[in-house]
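Note on naming: letters A, B, ... go to the chains in the order of the sequence lines (proteins, then strands), and numbering restarts at 1 for each one.
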Protein chains: 2
Amino acid sequence: MAAVDQRYTASRRALVQALLKAGRPLTISEILAGVAGMPQSSAYRNLTVLCDAGVARRLPGMDDLGRFELAEDLSGHHHHVICADCGTVVDFAASDRLERALLEASRLVAEQTGFDISGHRLDFDGRCPNCS
Amino acid sequence: MAAVDQRYTASRRALVQALLKAGRPLTISEILAGVAGMPQSSAYRNLTVLCDAGVARRLPGMDDLGRFELAEDLSGHHHHVICADCGTVVDFAASDRLERALLEASRLVAEQTGFDISGHRLDFDGRCPNCS
DNA sequence: CTCAGTGCAAAGGATTTGCATGCCG
DNA sequence: CGGCATGCAAATCCTTTGCACTGAG
């Protein structure tokens with residue numbers, strides 16, 4: 001890890017802690033709220049560093065808000081359940097059976113499209129208990 | 001459809017045609033390139049209308065570019081293969097077996113999270129032939 | 001002493017909105 | 001006529017950058 005990373009400073013530690021504690025992807029706003037006193041720019045900059053270092057991961061969102069979570073190396077392979085109303089994202093681990101089916105599908109996709117497939121992302125869309 | 005939509009104007013028709021012809025999700029830039037003479041604001045505005053009308057759909061992307069495609073009502077249920085380098089998105093239809101497994105998983109997710117699940121999204125990440 | 005890290009403020013880029021005008025019904 | 005649609009330009013929103021300063025090795 002030290003191979004890529006520069007220094008594991010207080011700010012970065014704080015970011016990782018925040019993500020760890022949340023156990024689900026967080027927006028910048030949520031992160032800033034949880035790590036009082038950190039300027040946006042530092043949050044963005046360090047999050048970028050963490051992503052490059054393979055510690056964190058940025059994920060796409062329906063709304064235009066960037067969300068961050070710990071890399072799967074640290075959190076384990078999982079998928080997401082997304083509320084169409086408030087955008088909240090919750091983690092979810094798929095069954096082995098489903099994962100196997102997905103792997104198989106990857107091979108198929110590679111054959112059919114010529115892409116070199118490196119992974120998959122599975123999201124469930126719905127409405128969370130709060131927004132129902 | 002007329003229930004939600006206002007008017008099916010030339011601009012909107014052009015947008016739908018462009019998406020239809022492409023057969024894959026397009027960015028705003030790609031759309032503007034294909035529909036010469038349309039101002040960005042009109043493209044955005046009409047795309048929004050089309051999305052509200054259930055004719056089109058906006059999808060999340062790793063890069064910050066919004067991509068649009070026709071709704072599944074028109075294009076059929078499918079998934080995406082995304083190039084990590086250039087961001088190009090290609091459509092892909094999953095096997096019945098996989099779809100069944102996904103449906104089953106939806107039920108499981110609903111139980112475990114309390115969400116009301118309305119659908120799923122499956123993306124394969126990789127590198128396209130051009131970027132390899 | 002040197003270089004990475006930090007904050008602030010300014011810059012960027014994609015998307016949205018206000019407003020006046022044009023056109024369909 | 002009345003209301004939606006359209007263009008243009010200005011405004012927003014999230015995110016990235018430039019720059020000068022501080023801190024660790």
Whole-Å distance separating the [atom1] atom of [X] from the [atom2] atom of [N]:
| X | N | atom1 | atom2 | answer |
| --- | --- | --- | --- | --- |
| Arg7(A) | dC3(C) | CZ | C1' | 7 Å |
| Asn46(A) | dT15(D) | CG | C1' | 15 Å |
| Met38(A) | dT15(D) | CE | P | 16 Å |
| Leu32(A) | dC13(D) | CG | P | 16 Å |
| Arg12(B) | dT6(D) | CZ | C1' | 10 Å |
| Gln40(A) | dG7(C) | CD | P | 13 Å |
| Tyr8(A) | dG23(D) | OH | P | 22 Å |
| Tyr44(A) | dG7(C) | OH | P | 16 Å |

**Message:** At less than 3.5 Å, do the side-chain atoms of Arg45(B) and the base atoms of dG18(C) form a donor-acceptor pair?
**Reply:**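 Answer yes: a donor N or O sits under 3.5 Å from an acceptor.
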**Asked** Ignoring hydrogens and geometry, is there a side-chain-to-backbone donor-acceptor pair from His79(A) to Leu122(A) under 3.5 Å?
**Response**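 Flag set: sc His79(A) to bb Leu122(A) pair under 3.5 Å.
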**Asked** So what does Thr48(A) touch, heavy atoms closer than 4.0 Å: a base, only the sugar-phosphate, or nothing?
**Response**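 It contacts nothing in the nucleic acid.
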**Prompt:** Thr9(B) near the nucleic acid: base, sugar-phosphate alone, or nothing, with a heavy-atom cut-off under 4.0 Å?
**Reply:**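 Contact class for Thr9(B): sugar-phosphate only.
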**Complete:** OG of Ser106(B) to NE2 of His120(B), rounded to nearest 0.5 Å, is 6.5 Å
**Separation of Leu47(A) CG from Leu19(A) CG (nearest 0.5 Å)** =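 CG of Leu47(A) is found 6.5 Å from CG of Leu19(A).
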**Message:** Closer than 4.0 angstrom, basic N to acidic O: yes or no for Asp85(A) and Arg127(A)?
**Reply:** yes
**Message:** By nearest atom, which of the nucleotides dT6(C), dA14(C), dC8(C) is closest to the Ser41(A) side chain?
**Reply:**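 Between dT6(C), dA14(C), dC8(C), the one nearest the side chain of Ser41(A) would be dC8(C).
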**Asked** Around Arg13(B), counting heavy atoms of other residues, nucleotides and ligands shown, do more than 12 lie under 6.0 Å from its CZ?
**Response** yes
**Request:** Answer yes or no: does a side-chain N or O of Ser42(B) lie under 4.0 Å from OP1 or OP2 of dG7(D)?
**Result:**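 Yes, Ser42(B) has a side-chain N/O under 4.0 Å of OP1/OP2 on dG7(D).
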**Message:** With a cut-off of less than 4.0 Å, is there a side-chain N or O of Arg58(A) near OP1 or OP2 of dC14(D)?
**Reply:** no
